[in-house]
There are 2 protein chains.
Amino acid sequence: MNDSGGNRGKKQARRPSTERTAQRDPERTRAAILEAATREFAENGMGGARVDAIAERAGTNKRMLYHYFGDKEQLYLKVLEEAYVGIRTAERALHIGDRSPEDGISELALFTWRYFLKHPEFLSLLGTENLHRARWLRQSVRLKELHSHLIGELSQVLEQGKKQGVFIETADPLHVYLTIASLGYFYLSNQYTLSTIFGRDLIEPANLNAWEKHIVHVTLASIKR
Amino acid sequence: MNDSGGNRGKKQARRPSTERTAQRDPERTRAAILEAATREFAENGMGGARVDAIAERAGTNKRMLYHYFGDKEQLYLKVLEEAYVGIRTAERALHIGDRSPEDGISELALFTWRYFLKHPEFLSLLGTENLHRARWLRQSVRLKELHSHLIGELSQVLEQGKKQGVFIETADPLHVYLTIASLGYFYLSNQYTLSTIFGRDLIEPANLNAWEKHIVHVTLASIKR
DNA sequence: TCATCAAGTAACCGTTTAGTTACCGGCTTG
DNA sequence: CAAGCCGGTAACTAAACGGTTACTTGATGA
């Protein structure tokens, strides 16, 4: 039973006595918690993630988690923000404007697909956040700035392509990005139900390669004159 | 405090005495639980959904829920199965083979988009199930049969289009379906984060109409000769 | 060299949760 | 017409949960 001992409610002398060796490396501990939290939230969602599990995965305990991040919700937001910073930073390094418009778009499509493939935790976090209608992301000020750059750069590439006569006039930067992201996101984040209902292993290399080609094909076909 | 009274652990005479009027309508109760569960699971995911909340939403209590569905997991699987049956049944009624190949594909794209738009709970359930790597869907035998029909019918439409010379030879039924579903799913299920980061209200009617047109355009552009 | 304070531990707390038990009462049927 | 079954209620339980408290440890600089 829970209530054994009969001393409930009465404070007793405790003996915390450190049994594990203390790390004494705040930066490492903080990073370990953040990484463990990323995995836990990605695997179980906000509702399913367990604070105890995060602490254990990080090789520390709950006290430190609350010490560094406040509470579960703030830790979750931090995880989400870092995930966005990760993809947008890598994306910026592409400089899609340096090539021909067609190559620029292909490059962006390939990059996005491969990033999604390499970072399933990012897709999962997006799913979780949307389940909650962006409840936590909305609170984040720093994230909103990160994205105007992407649309701006993509817009320039499309304009150049229109001038050169290779892209249709109606091509819209937001639509193009959403198309690329859609095709990657759906295939990967829904791979488990899709593989089950269609009886095919979508994550098999041959199928992955076919879909990668398909994404580039569809994206270009939708904007080429 | 929780523990007031001092009678913990000792079984006492209870007085359940029916205070609400009993419904005495098993079919209605069952359906009410299923509908309430659909909403609760869609809004909160598997980990976040609360059995008490489902019972309350259904206007009944937990006992009935366990009586009809066994436990939380079996109830969840039932909800998921019903959601799939819903979309596949409506889809079948389209008979996309009755029109020209191009119209058939447009029809399927429009139907899928509008069904997703009308049934956000279906998208949400898919997301939740994939978070758990189709853990529950895999157990379902009845679902796997439902989907071969869709691919078969789509395959016929594509073949007809190829014969008529309007579709490219490489068009693949699974890829076409995944393309249509991708574009609808991503836009709608990620509308909250997307609206936040891009600073646009994606669910606004004008934007919805533009995306509907875009889906049809992209789908056809990707397979037209 | 020793007081201080950040880093760290583990037990603890109050509440919530999935699931169970004890009991009720009206309809059907032998 | 009574017996029993089925649909129903609400209180209960053990375990799990997010979050806190009491206390320890080791590096540092006055």
Side-chain angles (χ1 to χ4, degrees), chain A residues 1-33 36-37 40-41 44-56 58-77, chain B residues 1-33 36-37 40-41 44-76:
Chain A
M1 222 191 173
N2 199 4
D3 202 356
S4 60
N7 54 359
R8 256 188 98 147
K10 273 146 206 164
K11 285 185 183 172
Q12 270 201 325
R14 298 167 183 172
R15 36 159 192 76
S17 66
T18 311
E19 275 155 19
R20 275 187 216 167
T21 45
Q23 282 194 342
R24 294 239 141 236
D25 189 343
E27 212 45 60
R28 222 175 77 92
T29 302
R30 222 192 101 100
I33 292 172
E40 177 74 9
F41 283 123
N44 303 102
M46 179 62 177
R50 297 293 160 241
V51 173
D52 291 274
I54 295 170
E56 204 189 320
T60 180
N61 57 65
K62 282 193 288 185
R63 178 64 227 272
M64 289 295 93
L65 190 154
Y66 285 98
H67 179 62
Y68 287 119
F69 297 98
D71 63 8
K72 189 186 181 184
E73 301 197 8
Q74 287 177 70
L75 172 59
Y76 168 77
L77 178 56
Chain B
M1 224 191 170
N2 200 4
D3 202 356
S4 60
N7 54 0
R8 260 188 96 145
K10 273 145 203 162
K11 287 187 182 172
Q12 270 202 327
R14 297 168 184 172
R15 33 156 195 78
S17 66
T18 310
E19 273 154 21
R20 274 187 217 166
T21 45
Q23 281 192 344
R24 293 241 141 235
D25 188 342
E27 213 44 61
R28 221 173 80 93
T29 302
R30 221 191 103 99
I33 291 171
E40 178 73 10
F41 283 124
N44 303 104
M46 179 62 177
R50 298 292 162 241
V51 174
D52 291 274
I54 295 170
E56 203 189 319
R57 286 179 117 147
T60 179
N61 56 64
K62 281 194 288 186
R63 177 65 224 274
M64 288 296 94
L65 191 152
Y66 285 97
H67 178 61
Y68 287 119
F69 297 97
D71 62 9
K72 190 186 179 183
E73 301 197 8
Q74 288 177 68
L75 173 59
Y76 168 76

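Quick caveat: nothing in here was measured; it's all calculated off a predicted structure.
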(request) Kindly write out the residues that satisfy side-chain hydrogen bond (donor to acceptor under 3.5 Å, both in side chains) with B:Arg57, not counting sequence neighbours, or none if the list is empty. (result) B:Glu40, B:Glu43
(message) Measure CD1/B:Ile54 against P/C:dT17 and give the value in whole Å, please.
(response) 12 Å
(request) Taking only the side-chain nitrogens and oxygens of A:Thr29, find out if one of them lies under 4.0 Å from OP1 or OP2 of C:dA7. (result) no
(message) What is the separation between atom CD on A:Glu73 and atom C1' on D:dC17, rounded to the nearest whole Å?
(response) 14 Å
(request) Considering just the side-chain nitrogens and oxygens of B:Thr60, establish if one lies under 4.0 Å of OP1 or OP2 belonging to D:dT9. (result) yes
(request) Compare side-chain N and O positions of B:His67 against OP1 and OP2 of D:dC6 and report whether any pair is under 4.0 Å apart. (result) no
List the atom pairs, donor and acceptor, that lie under 3.5 Å between side-chain atoms in residues 64-77 of chain A and the rest of the protein, sequence neighbours left out.
residue	atom	partner	partner atom	Å
A:Asp71	OD1	A:Glu73	N	3.3
A:Asp71	OD1	A:Gln74	N	3.0
A:Lys72	NZ	A:Met46	O	3.0
A:Lys72	NZ	A:Ala49	O	3.0
A:Glu73	OE1	A:Trp136	NE1	2.9
A:Tyr76	OH	A:Glu129	N	3.4
A:Tyr76	OH	A:Glu129	OE1	2.7

(request) Take the protein atom CZ of A:Arg63 and the nucleotide atom P of C:dA6, then report the distance between them rounded to whole Å. (result) 11 Å
(request) Would you name the heavy atoms of B:Ala58 and B:Ala32 that are closest together and state the gap between them? (result) CB-O, 3.5 Å
(request) Quick one: pull up CG in B:Asn61 and CD1 in B:Ile33 and give me the separation to the nearest 0.5 Å. (result) 8.0 Å
(message) By nearest atom, which of the nucleotides D:dG19, D:dG8, C:dT20 is closest to the A:Tyr66 side chain?
(response) D:dG19
(request) Calculate the interatomic distance between A:Asn61 atom CG and D:dC23 atom P; express it in whole Å. (result) 17 Å
(request) Provide, to the nearest angstrom, the distance between the CE atom belonging to B:Met64 and the P atom belonging to C:dC24. (result) 16 Å
(request) Could you identify which residues of residues 45-53 of chain B place a heavy atom less than 4.0 Å from some atom of DNA chain D, listed by residue number, or say none? (result) none
(request) To the nearest Å, give me how far apart CG (B:Asn44) and C1' (C:dA18) are. (result) 16 Å
(request) Kindly say if A:Tyr76 contacts the phosphate of D:dG18, meaning a side-chain N or O under 4.0 Å from OP1 or OP2. (result) no
(message) What is the distance, to the nearest angstrom, from the CG atom on A:Leu75 to the C1' atom on D:dG19?
(response) 13 Å
(request) Report the distance from atom CG of B:Leu65 to atom C1' of D:dA10, rounded to the nearest whole Å. (result) 15 Å
(request) Could you pull out the closest heavy-atom pair between A:Ile54 and A:Ala36, with the gap in Å? (result) O-CB, 3.6 Å
(message) Between the base of C:dG19 and the side chain of B:Lys62, is there a donor and acceptor pair under 3.5 angstrom?
(response) yes
